[in-house]
Amino acid sequence: MTAFTPDDHFFMTQALRLAEQGLYTTMPNPRVGCVIVKDGKIIGEGAHLKAGTPHAEVHALKQAGATANGATAYVTLEPCSHHGRTPPCAEALIKEGVATVIIAMQDPNPLVAGQGVAMLQAAGIHVSTGLMQQQAEALNAGFIKRMQHRMPLVRSKIAASLDGKTALSNGISQWITGAAARMDVQHWRAQSCAIMTGIGTVLQDNPSLTVRELAIDRQPLCVIVDSQLRMPLEAKVLSNQQVLIAFATDSQHKATKLAAMGIGLICIPDEAGKVCLKSLLSHFASIEVNEVMIEGGEGLNGALMALNLIDELIIYYAPKLMGSDGKGMFALPALQTMEAVINLDIHDVRQFGTDIRVLAKCAIQKSTN
């Protein structure tokens, strides 16, 4: 195993910071940063910011110029070895005479997956991998899952009272949390490729589900799970840039009208006559969706959780009590033993205003289907 120095960690940390610049914009591509160092000084920096534009290595090499010859490149993701929207970055590093490349993580894309490293090594470049790998993987968790499992990463955002209620018994839920928590939600929306909700939430709250108060030039795909196609034609979400409605039956004959409005439609029923959520998520992966954010009620959250389709939870707890008759987080079958409970791995807890945000990963459960 390569023994990395404190300087190596310092320069890779800077490369990861650069990669974060593409947090809201690189999709469907991964977020990548590159730092080129010579004689202990940074001579070039770059980040990939948008699909179809130059990759991080190209920006850093351009900044370094002729001094890149004999230098060390720190890259958060294995340099690509194939021709896609842009030429291979491994070739660019070789051409400019870089002597050493230190990589945080291997590219999970089957078109690369070690071939970039092999290309660099064949050219006589010294390559080391695995420096700050965990941090690099966290930055591209959705891209990794799509490449390895052909499914997007699914996060569910939930605002709840301290007694675990997401709405009053009459459905009213605005606003449980304060302004600071709601602003934090915008950052999660911005880094998502798609935001998904259920028709119940649309009928009750008429949300917009757009990224607000952040200076970005894209909006996530807005997806509504609407088994019976009950979508009101005047709903706010239908005015979004990109909208997709997943349905199972069209008993109210709305599909033609919605299509005429430019709304995307996908008929994807399961055996019970509802939307097949697993197939829907698989469809997302096929159209290069890396990260999906769920902003639904207990019905959609419960259905996804029952199928083990939620990877992470973003729960905002407000210092309020809403009573036993309020709506819960997940509509799930009653559990009879503690062995049957769904275990979570809490990996971050912090406060936003008066609210507490808990980030938790879902443990893998035994499939029930």
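Keep in mind the model is a prediction, meaning the values are calculated, not measured.
Residues T26 and N29 have side chains that never bring a donor and an acceptor to within less than 3.5 angstrom of each other. In summary, the side chains of R31 and N140 do not present any donor paired with an acceptor at a separation below 3.5 Å, with no hydrogens or angles considered. One side chain, Q14 or E45, offers a donor N or O that lies under 3.5 Å from an acceptor on the other. Of the N and O atoms on the side chains of D163 and S161, at least one donor lies less than 3.5 Å from an acceptor on the other residue.
Between the side chain of T13 and the backbone N or O of H9 there is at least one donor-acceptor pair closer than 3.5 Å. Judged by distance alone, the side chain of D226 and the main-chain N or O of I245 form no donor-acceptor pair under 3.5 Å. Side-chain atoms of D355 come within 3.5 Å of backbone atoms of G178 as a donor-acceptor pair (strictly under, hydrogens ignored). Between the side chain of N206 and the backbone N or O of V202, no donor-acceptor pair lies under 3.5 Å. With hydrogens and angles ignored, the 3.5 Å screen pairs no side-chain donor or acceptor of R150 with any backbone N or O of S286. With hydrogens and angles disregarded, a donor-acceptor distance shorter than 3.5 Å links the side chain of R146 to the backbone of P28. Without hydrogens or angle criteria, Q219 side chain to V211 main chain gives a donor-acceptor distance under 3.5 Å. Without hydrogens or angle criteria, E298 side chain to K327 main chain gives no donor-acceptor distance under 3.5 Å.
Taking 4.5 Å as the limit, some side-chain heavy atom of N301 sits within range of a side-chain heavy atom of I158. Residues L229 and Q252 fail the side-chain proximity criterion, which asks for heavy atoms closer than 4.5 Å. In this structure, K278 and L309 have side chains that are in contact, with non-hydrogen atoms separated by less than 4.5 Å.
With values rounded to the nearest 0.5 angstrom, Q115 atom CD is found 9.5 Å from N109 atom CG.
Among residues two or more places apart in sequence or in another chain, the side-chain hydrogen bond (donor to acceptor under 3.5 Å, both in side chains) test is passed with E78 by none. D345 meets the salt bridge (charged side-chain N to carboxylate O under 4.0 Å, His left out) test with no other residue; sequence neighbours excluded. The ring-ring contact (aromatic ring centres under 6.0 Å, His included) search around F11 returns Y74, not counting sequence neighbours.
K145 has no carboxylate O lying under 4.0 Å from a charged side-chain N of E291, or vice versa, which leaves the two without a salt bridge. Note on D348 versus R357: salt bridge recorded, some NZ/NE/NH1/NH2 to OD/OE distance being below 4.0 Å.
The hydrophobic clustering, which links ILVMFWY residues whose side-chain heavy atoms are closer than 4.5 Å, places M329 and L304 together.
Both tests hold for R182 against W175: distance to the six-membered ring centre under 6.0 Å, angle to the ring axis within 45°.
Screening R189, R218, Q191, H187 for a side-chain hydrogen bond (donor to acceptor under 3.5 Å, both in side chains) with Y24, the sole residue that qualifies is H187.
Across all their heavy atoms, I266 and L244 have their closest contact at CG2-CD1, 3.9 Å.
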